[in-house]
Amino acid sequence: MNEAPAPQGRHTRGRVRLVAGGAITVVTAVASVVVATLAHADLSGPPGTTLKAAAERSGRYFGAAMGGDRLGDSGFLTIANREFDMMTAVNEMKPDATEPNRGQFTFGAGDAIYNWAVQHGMRVRGHTLAWHAQQPRFWGSLSGSALRQAMIDHINGVMAHYKGKLAYWDVVNEAFAENGSRRSSNLQSTGNDWIEVAFRAARAADPSVKLCYNDYNIENWSYAKTQGVYNMIRDFKSRGVPIDCVGLQTHFTGGSSLPSNFQTTLSSFAALDVDVALTEADVTNASPAQYQGLTQACTSVPRCVGITTWGIRDSDSWRGSENPLLFDRNSNAKPAYSAVVNALNAATTTVPGSSTPPSSPSTPSTPPSTPPSTPPVTGQPGACTATYRTTGSWGGGFQGEVTVTNNGSATLTGWTVNLTLASGQSLVNLWNGINSGGSGAISVRNAAYNGSLGAGASTTFGFVANGSSSTAPGDISCTSP
Ligand code: XIL
């Protein structure tokens, strides 16, 4: 990246291209139980004393990026677990890592990060599906419609594996040049519509994940590249191209720094009806003032859903010589850490949808393990049955689990559970299934990986809902094709 001149004297820098050596044939299964925490905003609550607690007060997340090698680094893992509630893989979900050879998908490295993150109550951002860098080697020998098809196949293959599991996907990364036109690349050479084709394929592959465009040097509102990306998003929105979010990398390193109009940029993108997020933040010498400013810009814009730093300690940074992160090499929080926590705690806006009902307190950071507070409700017998139990509750919200059982003697190839949430209850998040509807009568069908149920077998899906748990969801039934 960054081949082109950058604003404020950004340095040119080459990427280290990852070359996946040898054929990796082991595909590790993604953990079947996804434990995702979602913040319930409450600005009147006590200040958070960690990054994630401070962010969750306003319904936001605080994320980090990690490489697979950090899974063996207890210093890193301790801070990650304590401070962060969103994780991005540094390289492990990129095109060269996930499809080193045509049609041969390898998810072991990405899954290891995914599994660790969800087992520690975090959500995961997928990064990235289509990019001019870190491409599979075989893309290099393709062009035109063959490369276009390889991109679509890649999106389908990777998104099928992570279907229903991720919070966001960076569908397209860094497709603009510094002058605001499209960056020239082999993907751009397949036709100017390659980006919208990628987003349409992504929406079809996994309707449950938010689809983002991600780029750097789009933080300054008066910069040509920012305007180029803005115009593309506006055009996509006007034509119904599916896009849900814009990721601003926020690398205030390599010669860039915080622009005074950053909040204007965020609110302008948000006005196009997309979420915005700071996806790869780092700041030269971890300037507390710049970290404070970038945090405040986000917390002042309701649709700014969270901030991710690109690593945790300076020793994790791709630009380590600039010491740009919130923790030093000895795992100590730096002055910028306090600046960020304080700015998060001073948030003046909450993320839309994160604070209903208004009195809802924070969701516990780990799912409650209290015994069922309501008796199980069992649906009609048939090919499959569905049984609901409440697995935890707190003032203003609860967590539920539905067990789907195949009572027949033949294997089921899919299932759909219908249930009715009581008045005042609404879904916040659902995992291990795909829902339609979020309140009243809702229907949940199997995810790609748990539709097949042998005779007598069962599976579960779970959800977090706003509202009182005193009335269990009713009218529960299960059907199978
Ligand atoms: C970087 C990684 O941190 C490096 O390990 C790798 O060698 C190159 O890529 N923008 C992005 C990220 O979208 O994927 C890049 O990550 C940093 C810049």
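Indexing begins at 1, ligand by ligand and atom by atom, following the structure's order.
Against a heavy-atom cut-off of under 4.0 Å, V90 is close to the following atoms of ligand 1: 2 (C), 3 (O), 5 (O). Atoms of ligand 1 found under 4.0 Å from any heavy atom of E280, numbered from 1 in the order shown, are 10 (N), 11 (C), 12 (C), 13 (O), 17 (C), 18 (C). Taking a cut-off of under 4.0 Å to the non-hydrogen atoms of H127, the atoms of ligand 1 that pass are 11 (C), 12 (C), 13 (O), 14 (O). Set against the non-hydrogen atoms of Q134, the atoms of ligand 1 under 4.0 Å away are 6 (C), 8 (C), 9 (O).
Y162 and D111 form a side-chain donor-acceptor contact under 3.5 Å, judged by distance and modelled atom types alone. Side-chain contact of D316 with W310: a donor-acceptor pair under 3.5 Å is absent, judged by distance alone.
Ranked by closest heavy atom to atom 16 (O) of ligand 1, the top entry among K94, E174, H251 is K94. Nearest to atom 4 (C) of ligand 1 by heavy atom, out of D316, N214, N91, T88, is N91.
For ligand 1, the polar-atom distance check against Q249 finds a nitrogen or oxygen pair separated by under 3.5 Å. The distance criterion of under 3.5 Å between nitrogen or oxygen atoms is not met by W318 with respect to ligand 1.
By the criterion of a heavy-atom distance under 4.0 Å, neither the backbone nor the side chain of D170 is placed next to ligand 1. The proximity of W131 to ligand 1, defined as any non-hydrogen pair under 4.0 Å, is limited to the side chain. Neither the backbone nor the side chain of T128 comes within 4.0 Å of ligand 1, counting heavy atoms alone.
To the nearest 0.5 Å, the span separating CG on D314 from CZ on R329 amounts to 5.0 Å.
Salt-bridge formation is detected for the pair K225/D215: a Lys NZ or Arg NE/NH1/NH2 atom is positioned less than 4.0 Å from an Asp or Glu carboxylate oxygen. Note on R57 versus D42: no salt bridge recorded, every NZ/NE/NH1/NH2 to OD/OE distance being 4.0 Å or above.
When side chains are defined from C-beta on, E322 does not count as touching S317, because their heavy atoms never get closer than 4.5 Å.
Annotation: cation-pi pair K334/Y291 absent, no NZ/CZ under 6.0 Å from the ring centroid and within 45° of its normal.
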Exercise for review: Evaluate the ring pair (Phe, Tyr, Trp, His ring centres under 6.0 Å) criterion for residues H127 and W169: first the C-alpha distance (whole Å), next the side-chain angles of each, then the deciding distance (0.1 Å), finally the verdict.
Suggested key: CA-CA 6 Å; H127 175 78; W169 256 121; 8.8 Å; no
